[in-house]
Peer 1: 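The structure follows.
Protein chains get the first letters and strands the later ones, always in sequence-line order, with residue 1 at the start of each.
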2 protein chains.
Amino acid sequence: MSVRSDVLRVLADPLRAQIVELLAHESLCTCHLVEETGASQTNVSNHLRLLRQAGLVSAEPAGRYTYYRLNADVLKDLAAELSGLADIADERADTRRPCS
Amino acid sequence: MSVRSDVLRVLADPLRAQIVELLAHESLCTCHLVEETGASQTNVSNHLRLLRQAGLVSAEPAGRYTYYRLNADVLKDLAAELSGLADIADERADTRRPCS
DNA sequence: GTGATCTATCATCATCGCGTGATGTCAGTG
DNA sequence: CACTGACATCACGCGATGATGATAGATCAC
């Protein structure tokens, strides 16, 4: 029941977060992401690799293009974990362990 | 409507994530967190500083002890943002922008 | 075939962040 | 008062990570 810190770490980068937001609205190929973010092609490709390895996005080759789509499930699982922690904290907001 | 990447970045560290999980169940002082995590006092204190700056936890001085409690609201906001992105992705799962 | 385009990988460099040790501060105790 | 304990802050070394340039592969147009 520990937090998926690997997904968190991947999401923590600003450029990767931007890519995830863009992919949430529509599937895009690398060239689109390069245009939208203003980052270099190499940089975008490197970050896409990390996003792929974390399972956050899926690559769909189409000819010489590669379309990427967001895996919403991973995002939902993470949101559920965080929300669950917040709920636990709400229930036991007053609990305080005494110091020895 | 951009993702709170500052909170994400703070949560991405394993030790900080562990601290957040511990604080979700009860308020603890620094000495407790040092015991539970096995990390050094300096290290815990440094991470608590970042958690404080991000608004994730609040410090409550009590004599020479300092109790920390989790701010569940920040966690809920983040969970809502991530969940919202996932919902958008679900709605437009088929949308694919053509390459020029 | 040649050339152009899109993308991924590799190697390198610069920067950032974590962990540690030393030091300082404040509260309680004798 | 001096002394101890609980935390915080500062400064530094080092490993991790992001950005860049060069290169390679793969596909399409001609």
Peer 1: Find out if a path of hydrophobic residues (ILVMFWY) with successive side-chain heavy-atom gaps under 4.5 Å connects L33(B) to L15(B).
Peer 2: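 They do share one cluster, since a chain of ILVMFWY contacts under 4.5 Å joins L33(B) to L15(B).
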
Peer 1: Check the distance between dT5(C)'s C1' and Y65(A)'s OH and give it to me in whole angstrom.
Peer 2: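 Answer to the nearest Å: 7 Å.
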
Peer 1: So, for L11(A) and L8(B), which heavy atoms are closest and what is the spacing to 0.1 Å?
Peer 2: O-CD1, 3.7 Å

Peer 1: With respect to Y68(A), which candidate in I19(A), L28(A), T30(A) satisfies the side-chain contact (heavy atoms from CB on, under 4.5 Å) definition?
Peer 2: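 Filter result, single survivor: T30(A).
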
Peer 1: Donor-acceptor check, side chain of Y65(A) to backbone of P98(B), threshold 3.5 angstrom: yes or no?
Peer 2: no

Peer 1: Give the rounded distance in Å between these two atoms: CG of L51(A) and P of dT7(C).
Peer 2: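 After rounding, the reported distance stands at 16 Å.
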
Peer 1: Would you kindly give the NE2-to-C1' distance between H32(A) and dT5(C), to the nearest whole Å?
Peer 2: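 Between C1' of dT5(C) and NE2 of H32(A): 14 Å.
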
Peer 1: Looking at every strand, decide which applies to C29(A) at a 4.0 Å heavy-atom threshold: base, sugar-phosphate, or nothing.
Peer 2: sugar-phosphate

Peer 1: Please tabulate, for the side chains in residues 52-61 of chain B, all donor-acceptor contacts under 3.5 angstrom to protein atoms that are two or more places apart in sequence or on a different chain.
Peer 2:
from	atom 1	to	atom 2	distance (Å)
S58(B)	OG	N71(B)	OD1	3.0
S58(B)	OG	N71(B)	ND2	3.0
E60(B)	OE1	R96(A)	NH2	2.4
E60(B)	OE2	R69(B)	NE	2.9

Peer 1: Using whole Å, what does the distance between atom C1' of nucleotide dC7(D) and atom OH of Y68(B) come to?
Peer 2: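 Whole-Å distance recorded here is 8 Å.
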
Peer 1: In whole angstrom, what separates L28(B)'s CG from dC7(D)'s P?
Peer 2: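 Rounding to the nearest Å, CG of L28(B) and P of dC7(D) are 11 Å apart.
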
Peer 1: Can you check the R49(A) CZ to dA19(D) C1' distance for me, whole Å?
Peer 2: 15 Å

Peer 1: Is S45(B) touching bases, backbone alone, or none of the nucleic acid, heavy atoms closer than 4.0 Å?
Peer 2: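 Base contact.
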
Peer 1: Please report, rounded to the nearest Å, how far the P atom of dA8(C) is from the OH atom of Y67(A).
Peer 2: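 Checked: the OH to P distance equals 13 Å.
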
Peer 1: Strictly under 4.0 angstrom, non-hydrogen atoms only: write out the protein contact profile of nucleotides 12-27 of chain C, one letter per nucleotide from the 5' end, B, S or -.
Peer 2: ------SSBBB----S

Peer 1: So that I can tick it off, tell me whether R97(B) and E36(A) are bridged by a salt bridge, with the cut-off set at under 4.0 angstrom between side-chain N and carboxylate O.
Peer 2: yes

